[in-house]
Amino acid sequence: MKLSHESIEINAGLMIVLTLIAISIGGLVEIVPLYYIKDTVEKVDGVRPYTPLEQRGRDIYIREGCYTCHSQMIRPFRDEDMRYGHYSLAAESKYDHPFQWGSKRTGPDLARVGRKYSNAWHAQHLNRPRDVVPESIMPNYPWLLRNELDFADIADRMRALKRVGVPYSENEEEYLTNVDRFGADMAAQLDIHRAEQSLVAQAQSEDWDGDRSRLTEMDALVAYLQVLGTMVDFGKYDEGYFAEFR
Amino acid sequence: MADEKGKSVQTTGHAWDGDLQEFNNPLPRWWLWSFYGTVVFAIIYWLIYPAWPIADSYTKGFGTVSYQSGGKEVTRHWNTRAELLQDLQSGSETLKQQAYLQKVAAASYDDIANDPEMSAFTQSMAKVLFADNCAACHGIGGSPARIGQYPNLRDDAWLWGGDIAQIEQTIEQGRNGFMPAFGEVLGDAKIEQVASYVLGLSGHQVDAAKAEAGRAIFQGQEGGCFYCHTTSGKGLPSQGAANLTDAIWTVADVPGAATDADRLKAVEAVIREGIQRQMPGWKGRLSTTEIKLLTAYVHSLGS
């Protein structure tokens, strides 16, 4: 069959295939090079995988659909820099699967919300936002304080992330590599075999949700929110350093 | 259409349902030239801006941006990060703002308050900074949503001191407010006595006998309340301990309680459970001048 205008136009299946090819060229040309252009991910210290508790908090963040109203991506614009702080780096979400960049901001961007407010504020605010911000239109999430955190499958969750490239450790060698990269304390928390202990220990290390006697979903979510955007110490770098990666 | 001038119209040659045909007119000229225009635009764009990937790099384009980094002038190919940096260093809005910021940074707090131009700038810029950073807890304009964790900044009662220097330190370093929980130490009866005494300090109607017993606990080793709240009950800013003799309440919602019994209950709850509250430090997040603006603004709220 000759591939003529007519044969494409009267053959729906062929037209769909050729349309998909034509459109994917545009996408592939934009996306694929990012995987091998060496400046895509900035060289920066401090970025580490989430601890088991933070990771469970992140799962809850996704479960509750926080991303539908909150982005986690400060763009390199003047207004965003002045309101939220330093623009987000690609390196800062290199362990995010899936990333939470987003483009819909009904609420504010959360990329640098970590340690901006107290734990108590987050717990109160998530429970009933209007208790602290009367103008807020965010829904209440009262079950976060009620629900005990289920972390029985945390090791499996970490294994799944390990498969897509997050350096959680499962054997001695990987653990020692993590000690070199992230320090001994953090490496212990990133060890899959100790995941449950690390999770409980971190939950007890701070009063995340205002009630130390229970381990709730609120504990995990607040621990996650409090680490957002705090891993990189921007004071260590010259102003122009990150512009060199673009 | 095209056959107005008598030309015959070409068809694509298909026929559907017997006689349904499709004209094959040439593209409208305006559309065609617009299309060629976009092609030319794309080529110019590729020449100016970063565009095509090549191996592990990409074409950088001829456009450049200059900015200061590490004390020297750097010129790089155009990119949004460099452009932002340039804008934040030498954009026209930045220069206007910087003129004020430098003036404010160099001035004393008194000078800022007395100079109408500087104080207008301080008020307007600090209001935005406050809304972005402080209002989530302290409320827009400095009045929180309700009495609880976060102090009202619009009154002249200051837990950690209301001097310029104290406010500046509070914003820079943050504060950790702590009062121990007395629930298990004292038990319900004694807590009621202490609460009665505390309410009496600010002139509320209380049971005199209970208040007298409460006084002994408050002022003695059993409660030890006077260590932070002082023997007069006026509080100690170095500890963030509240003045209990005024009408201002920051944790127990006494003004919101309808009856004497409710007021007592509100104060009892605080004594029983203690207080733990934290204000984060802003030193890393905000610049020294921004903290100065906020200090002047917050100080002006409380008077």
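Values reported hereafter were calculated over all heavy atoms of this structure, with side chains retained and with hydrogens, waters and symmetry mates removed. Note on naming: letters A, B, ... go to the chains in the order of the sequence lines (proteins, then strands), and numbering restarts at 1 for each one.
Scanning both residues, B:A145 and A:P134, for their nearest heavy atoms gives CB-CG, 3.6 Å. Across all non-hydrogen atoms, the minimal contact from B:T80 to A:P76 is OG1-CG, 3.8 Å.
Most heavy-atom pairs under 4.5 Å with chain A: of the set B:N133, B:V74, B:I54, B:I140, this distinction falls to B:N133. Your options are A:F245, A:Y84, A:Y87, and the one with the most heavy-atom pairs under 4.5 Å with chain B is A:Y87. The candidate from B:C137, B:G148, B:A135, B:A82 with the greatest count of non-hydrogen atom pairs under 4.5 Å with chain A is B:C137. Of the listed residues (A:Y35, A:Y237, A:W121), the greatest number of heavy-atom pairs within a distance under 4.5 Å of chain B belongs to A:W121. Counting heavy-atom pairs closer than 4.5 Å to chain A, the top residue among B:P144, B:G71, B:S69 is B:S69. Per-residue counts of heavy-atom pairs under 4.5 Å with chain B were compared for A:K116, A:R83, A:R115, A:H86; the largest is that of A:K116.
Within the 4.5 angstrom heavy-atom criterion, atoms from both the backbone and the side chain of B:E93 approach chain A. Of the two parts of A:R75, neither the backbone nor the side chain holds a non-hydrogen atom closer than 4.5 Å to a non-hydrogen atom of chain B. Of the two parts of B:A55, only the backbone, made up of N, CA, C and O, holds a non-hydrogen atom closer than 4.5 Å to a non-hydrogen atom of chain A. The parts of B:D132 that come within reach of chain A are both its backbone and its side chain, each placing non-hydrogen atoms under 4.5 angstrom from that chain. Contact annotation for A:F77: only backbone heavy atoms (N, CA, C, O) come within less than 4.5 Å of a heavy atom of chain B. Of the atoms belonging to A:D233, not a single heavy atom falls under 4.5 Å from chain B. When heavy atoms are compared at a cutoff of 4.5 Å, B:W78 does not approach chain A at all. Only the side chain of B:Q89 has a heavy atom closer than 4.5 Å to any heavy atom of chain A. At a 4.5 Å heavy-atom cutoff, B:E273 makes no contact with chain A through either its backbone or its side chain. Looking at A:Y241, the atoms closer than 4.5 Å to chain B (heavy atoms on both sides) all sit in the backbone: N, CA, C or O. In this structure, the portion of B:H77 lying under 4.5 Å from any heavy atom of chain A is its side chain and not its backbone. A:E244 touches chain B through backbone and side chain together, each having a heavy atom under 4.5 Å away. When heavy atoms are compared at a cutoff of 4.5 Å, B:Q86 does not approach chain A at all.
Residue-environment remark: CH2 (B:W52) stays at or below the threshold of 12 foreign heavy atoms within 6.0 Å. Annotation for A:D185: atom CG does not count as buried by contact number, only 12 or fewer foreign heavy atoms lying within 6.0 Å. Enclosure of atom CZ in B:F23 is not indicated, since only 12 or fewer non-hydrogen atoms of other residues, nucleotides or ligands lie within 6.0 angstrom. For NZ of B:K127, the number of neighbouring non-hydrogen atoms (other residues, nucleotides, ligands) closer than 6.0 Å is 12 at most. Counting heavy atoms of neighbouring residues, nucleotides and ligands inside a 6.0 Å radius, atom CZ of B:R175 exceeds 12 of them. Heavy atoms from other residues, nucleotides or ligands lying under 6.0 Å from OH of A:Y141 number more than 12. The environment of B:E184 atom CD is sparse: at most 12 non-hydrogen atoms of other residues, nucleotides or ligands sit within 6.0 angstrom. Shown here is A:K236, whose NZ atom has more than 12 heavy atoms of other residues, nucleotides or ligands within 6.0 Å.
Note that CG of B:L88 and CG of A:D81 are 5.0 Å apart. Values are rounded to the nearest 0.5 Å. To the nearest 0.5 angstrom, B:Y67 atom OH is 10.0 Å from A:E239 atom CD. Note that the SG atom of B:C134 and the OH atom of A:Y117 stand 8.5 Å from one another [nearest 0.5 Å]. Rounding to the nearest 0.5 angstrom, the gap separating the CG atom in A:N119 from the CD atom in B:Q278 is 6.5 Å. Separating the OG atom in A:S118 from the CD atom in B:Q276 is a distance of 11.0 Å, to the nearest 0.5 Å. Summarising the geometry, atom CZ belonging to A:F242 is positioned 13.5 Å from atom CG belonging to B:N79; distances are rounded to the nearest 0.5 Å.
A search for side chain to side chain contact (heavy atoms under 4.5 Å, CB included) contacts involving A:A203 returns A:L53, A:L215, not counting sequence neighbours. Scanning for side chain to side chain contact (heavy atoms under 4.5 Å, CB included) contacts around A:R48 gives A:T51, A:E54, A:F182, A:M186, A:V227, A:M231, with sequence neighbours left out.
The pair B:R81-A:E42 meets the salt-bridge criterion, with a side-chain N (NZ, NE, NH1 or NH2) lying under 4.0 Å from an Asp/Glu carboxylate O.
In this structure, the side chains of B:P53 and A:I37 come closer than 4.5 Å at one or more pairs of heavy atoms. Residues A:M82 and B:L129 have side chains not in contact (no heavy-atom distance under 4.5 Å, counting atoms from C-beta outward). Using a 4.5 Å cut-off on side-chain heavy atoms (C-beta onward), A:R246 and B:R76 make no contact.
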Might you work through the side-chain contact (heavy atoms from CB on, under 4.5 Å) test for A:E9 and B:E22, ending with a clear yes or no? CA-CA 13 Å; A:E9 203 165 63; B:E22 191 180 17; 4.1 Å; yes

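Between the side chains of A:R78 and B:T94, at least one donor-acceptor pair of N or O atoms lies under 3.5 Å. With hydrogens and angles left out, the side-chain atoms of A:Q124 and B:Y150 include a donor and acceptor closer than 3.5 Å.
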